Amino acid sequence: MQPGTLRALEFDRIADAVRGYAATPMGELRLRTLRPAIDPAVVASLLAETTESTTFLSRHGVFPLHAGEDVAEALDGLAVEGRALTPPQLLVLVTFL
């Protein structure tokens, strides 16, 4: 998509507003890399995901997921078999879950 089109659509302002809803640092990072899709199949898939999300929210309310900056490191610690998490990492994960 051409930069002029993105400016006309104010895509950067929309993306900034959406990032404000990120509940985790990983979500915020993913939203930072958000780019418009132009492939019709990709757009259809993304719209289906959006519909699924809005349906879930309308039926169940807000999804209570929140995480601090340390959650990514604590989650990475889970990937190491046989390695114990530190007490602060455990507290971060308990808060997250």
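No experiment lies behind these values; they were computed from the predicted model shown.
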Handout entry: Leu9 vs Ile14 side-chain heavy atoms within contact, under 4.5 Å
Key = no
Handout entry: Glu73 side chain vs Asp70 backbone, donor-acceptor pair below 3.5 Å
Key = no
Problem - Spacing of CZ belonging to Arg13 relative to CZ belonging to Arg7, to within rounding of 0.5 Å - result: 14.5 Å
Practice task
Under 4.5 Å between side-chain heavy atoms, chaining through other members, with only Ile, Leu, Val, Met, Phe, Trp and Tyr counted: pull out the rest of the cluster around Val43, sorted by chain and number.
Solution key: Leu47
Handout entry: Rounded distance [0.5 Å steps], CZ in Phe96 versus CG in Leu75
Key = 5.5 Å
Problem - Leu6 with Val18, same ILVMFWY side-chain cluster at under 4.5 Å - result: yes
Could you go through residues 20-31 and list every donor-acceptor pair under 3.5 Å that involves a side-chain atom there, pairing it with any protein atom two or more places apart or in another chain?
{"residue": "Thr24", "atom": "OG1", "partner": "Gly27", "partner atom": "N", "Å": "2.9"}
{"residue": "Glu28", "atom": "OE1", "partner": "Arg32", "partner atom": "NE", "Å": "3.3"}
{"residue": "Glu28", "atom": "OE2", "partner": "Arg32", "partner atom": "NE", "Å": "3.0"}
{"residue": "Glu28", "atom": "OE2", "partner": "Arg32", "partner atom": "NH2", "Å": "3.1"}

Practice task
Provide the closest heavy-atom pair for Ala74 versus Leu85 in the form atom of the first, atom of the second, distance.
Solution key: O-CD2, 3.9 Å
Completion exercise
Tightest non-hydrogen contact, residues Val92 and Val71, listed as CG1-CA, 3.5 Å
Practice task
Give a yes or no on whether Leu34 and Leu46 share a hydrophobic cluster (residues Ile, Leu, Val, Met, Phe, Trp, Tyr; joining criterion: side-chain heavy atoms under 4.5 Å apart).
Solution key: no
Handout entry: Partner set under side chain to side chain contact (heavy atoms under 4.5 Å, CB included) for Asp12, not counting sequence neighbours
Key = none
